[in-house]
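The block underneath contains the structure these notes are about, expressed in structure tokens.
Residues: numbered from 1 along the sequence shown.
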Amino acid sequence: MPSEPPRPPAYTPGSAQPRLNRPVRERYPQIRPTSGYGDARIRHTGPGPGAGTEQEPERSSKLSARLTLALTVVIGQLWGLTILVDEWMAGNTGTAWWGAGFLVLSFLVVLGLWLIDPKDR
């Protein structure tokens, strides 16, 4: 008859070191039930009132307008690229070259928007 593997020792909570068997309150006196939210050492809980609001509304509106223009141009480029590929595949290379010119022009518009105010970057 095969011999059975040895059984692991029964688990008993605790440690061979008596200092580790003390209650948590005694082992870690710095941890209190109110640690964190009721701790007197904490003076400021985070940003004060008005945190996250725009401090320069003029700059924000200028950037939003520029972003809107740039996104409009990108959407126009995607639309133009779709038409350009359709015309090229249909064999209308003249129209495709005009479309390529439109894409280059719209890229230059976005580049111009980027160059308008270099101190704003």
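For the atom pair CG (Asn92) and CG (Leu84), the distance works out to 11.0 Å, reported to the nearest 0.5 Å. Between atom CD1 of residue Ile75 and atom OG of residue Ser106 there is a gap of 12.0 Å, rounded to the nearest 0.5 Å. Distance check: Thr93 OG1 to Glu87 CD gives 10.0 Å after rounding to the nearest 0.5 Å.
Using a 4.5 Å cut-off between side-chain heavy atoms of Ile, Leu, Val, Met, Phe, Trp and Tyr, with links allowed through other members, Phe102 and Val85 fall into the same hydrophobic cluster. Under the 4.5 Å side-chain contact rule for hydrophobic residues, Met89 and Ile83 do not share a cluster.
Taking the side chain as every heavy atom from C-beta outward, Trp88 and Trp97 approach each other to under 4.5 Å.
Nearest heavy-atom pair, Gln77 versus Leu103, reported as atom, atom and distance to 0.1 Å: O-CD2, 3.3 Å.
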